[in-house]
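A short write-up of the structure that comes next.
Residue numbers start from 1 in every chain, and the chains themselves are labelled A, B, ... in the order their sequence lines are given, proteins ahead of strands. In this text the structure is predicted, and so the values were computed from the model without any measurement.
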Amino acid sequence: MPELPEVEVVVRELRERLIGERIKAIDVFWPKSLVKNGECAEKQVIQAIRRHGKYIIIELQSCYLVVHLRMTGQLIVTPIARKNEKHLQVLIHLFSGKFLHFFDSRKFGRLYLTKYPEQVMQNVGMDALDEHLTSIKLQSLMAGKTTGIKSYLLDQRHIAGLGNIYIDEVLYESGIHPLTSVQNLGADEIDVLHTTIVATLNLAVRHMGTTISDYKTVGGGFGGYQSFLHVYKKENTLCPRCNNKIVKIRVNNRGTHYCPQCQVPKK
DNA sequence: CCATGTACCTGAAGGC
DNA sequence: TGCCTTCAGGTACATG
């Protein structure tokens, strides 16, 4: 489900609702959902909340609660516990009386209670919206790689935050075929790609992210960016630019959508 | 380094 | 209605 924009919206809403709250107790219904690593006393005050790629980092007084939502994870804050609801995997009680719920139908998501967040995120690259990630920096990161651009962007070790939806959209906007080898991208194309990544992600954040099926904001709302998608899940519709059919192929076993006219394969 | 397959899970959608 | 297959926004890990 959630990629960088959805996670960013969740982080902003969590901040409004949770800073200064003290954790009272944690109920775990699916043990794999909560990973404990090192001593981390639970009854701590939430100091700060930030994001790196698709990870949510909740800073406590002497350790961290790191969250990755994977495909279907949801963090929901309510004044009344929604106990016994389907797919509730972890329930965090707060001293104020509020509750932080972790719902996750597919159970791929993880909460890590840890002193060492850098260990949890050791393979995560620079955040896609990091101001230090310039187009020059992106060029140097790509140097020496031979993989296709879609595979490259899916791999969070390179750049963190983009997932299947936004990669398809960004490549469409940039006019780059998803199988183009990164070594065949010129400086000008990397520059367009970089500009498009930043613009697309920021625009999606302004629209509260993309809700295809499961994604919800912390308050239970939906995203709105799905109305702006050009290619993702649009196979057989007409390209708004050239009027040819959008096609769907598989790249890295992921559904991949593009316009064969506007995104010409370079190799 | 790279590509591919599998595993982790559940539910929705499509074919018959 | 029901059974079966395929697919889903993510990532880790094993294998050539």
When you measure from the side chain of [X] to the backbone of [Y], do you find a donor-acceptor pair of N or O atoms at a distance under 3.5 Å?
X        : Y         : answer
Gln44(A) : Ile23(A)  : no
His52(A) : Gly125(A) : yes
Arg15(A) : Ala48(A)  : no

Can you tell me how the ring of [X] sits relative to the ring of [Y], calling it parallel under 30°, perpendicular over 60° and tilted otherwise?
X         : Y         : value
His230(A) : Tyr172(A) : tilted
His207(A) : Phe228(A) : tilted
Phe99(A)  : His101(A) : tilted

Starting at [atom1] of [X] and ending at [atom2] of [N], how long is that distance when rounded to a whole Å?
X         : N       : atom1 : atom2 : result
Leu179(A) : dA3(B)  : CG    : P     : 10 Å
Asn253(A) : dT6(B)  : CG    : P     : 9 Å
Met71(A)  : dT11(C) : CE    : C1'   : 10 Å
Glu235(A) : dC7(C)  : CD    : P     : 11 Å
Asn164(A) : dA8(C)  : CG    : P     : 8 Å
Arg254(A) : dT4(B)  : CZ    : P     : 15 Å
Leu4(A)   : dT11(C) : CG    : P     : 11 Å
Arg70(A)  : dA12(C) : CZ    : P     : 6 Å

Close side-chain approach of Leu111(A) and Val35(A), heavy atoms under 4.5 Å: no
Any side-chain heavy-atom pair of Leu171(A) and His177(A) under 4.5 Å: no
Stretch residues 147-163 of chain A: residues that reach within less than 4.0 Å of DNA chain C through a heavy atom: Gln156(A), Gly163(A)
Within residues 13-48 of chain A or reaching into it, pairs that qualify as ring pair (Phe, Tyr, Trp, His ring centres under 6.0 Å) - sequence neighbours excluded: none
Please tabulate, for side-chain N and O atoms in residues 157-166 of chain A, each donor-acceptor pair with protein atoms closer than 3.5 Å (sequence neighbours left out).
from	atom 1	to	atom 2	distance (Å)
Arg157(A)	NE	Asp155(A)	OD1	3.1
Arg157(A)	NE	Asp155(A)	OD2	3.4
Arg157(A)	NH2	Asp155(A)	OD2	2.8
Asn164(A)	OD1	Lys150(A)	NZ	2.5
Asn164(A)	ND2	Gly255(A)	O	2.9
Tyr166(A)	OH	Glu6(A)	OE2	2.6
Tyr166(A)	OH	Thr210(A)	OG1	2.7

Tell me whether the side-chain N/O atoms of [X] come closer than 4.0 Å to OP1 or OP2 in [N].
X         : N       : value
Arg250(A) : dA8(C)  : yes
Lys248(A) : dA8(C)  : yes
Lys32(A)  : dC8(B)  : no
His68(A)  : dT11(C) : yes

Closest nucleotide among dG10(C), dC2(B), dA8(C) to the Lys145(A) side chain: dC2(B)
Options dG10(C), dA8(C), dC2(B), nucleotide nearest the side-chain atoms of Thr146(A): dC2(B)
For nucleotides [N] and [M], find the distance between their [atom1] atoms and express it as a whole number of Å.
N      : M       : atom1 : answer
dC1(B) : dG10(C) : P     : 24 Å
dC4(C) : dC9(B)  : P     : 23 Å
dT6(B) : dT6(C)  : P     : 13 Å

Of all heavy-atom pairs between [X] and [Y], which one has the smallest distance, and what is that distance?
X         : Y         : result
Asp104(A) : Gly109(A) : OD2-N, 2.7 Å
Ile76(A)  : Arg82(A)  : CG2-NH1, 3.7 Å
Ile46(A)  : Leu18(A)  : CB-O, 3.5 Å

Nucleic acid contacts of residues 106-116 of chain A, taken as heavy-atom distances under 4.0 Å to DNA chain B: Arg106(A), Lys107(A), Phe108(A)
Interface residues of residues 226-234 of chain A with DNA chain B (non-hydrogen, below 4.0 angstrom): none
For Cys262(A), all residues meeting disulfide (SG to SG under 2.5 Å), sequence neighbours excluded: none
Verdict with reasoning, Tyr232(A) to His257(A), per ring pair (Phe, Tyr, Trp, His ring centres under 6.0 Å): CA-CA 6 Å; Tyr232(A) 180 76; His257(A) 317 74; 5.0 Å; yes
Close N or O pairs between protein and nucleotides 13-16 of chain C (under 3.5 Å):
none

Acceptor/donor pairs from residues 233-248 of chain A side chains to any protein atom, 3.5 angstrom cut, sequence neighbours excluded:
from	atom 1	to	atom 2	distance (Å)
Thr237(A)	OG1	Lys234(A)	O	2.7
Asn244(A)	ND2	Gln261(A)	OE1	3.0

List the atom pairs, donor and acceptor, that lie under 3.5 Å between side-chain atoms in residues 188-203 of chain A and the rest of the protein, sequence neighbours left out.
from	atom 1	to	atom 2	distance (Å)
Glu189(A)	OE1	Gly186(A)	N	3.0
Glu189(A)	OE1	Lys266(A)	NZ	3.1
Asp191(A)	OD1	Ser135(A)	OG	3.0
His194(A)	NE2	Leu133(A)	O	2.6
Thr195(A)	OG1	Asp191(A)	O	2.9
Thr196(A)	OG1	Ser174(A)	OG	3.3
Thr196(A)	OG1	Val192(A)	O	2.6
Thr200(A)	OG1	Thr196(A)	O	2.7
Asn202(A)	ND2	Val198(A)	O	3.1

Check ion pair Arg12(A)-Glu8(A) (N to O, under 4.0 angstrom): yes
Stems formed with participation of DNA chain B [Watson-Crick or G-U wobble, under 3.5 Å, three or more pairs]: B:2-8 with C:10-16, B:10-16 with C:2-8
Neighbour count >12 (heavy atoms, 6.0 Å) for atom NZ, Lys137(A): no
Of all pairs that satisfy side-chain hydrogen bond (donor to acceptor under 3.5 Å, both in side chains), the ones with a partner from residues 114-133 of chain A, not counting sequence neighbours: Asn37(A)-Thr114(A), Asn37(A)-Gln119(A), Arg51(A)-Asp127(A)
Protein-nucleotides 11-15 of chain B N/O pairs closer than 3.5 Å?
from	atom 1	to	atom 2	distance (Å)
dG11(B)	OP1	Lys86(A)	NZ	3.1
dG11(B)	OP1	His87(A)	NE2	3.3

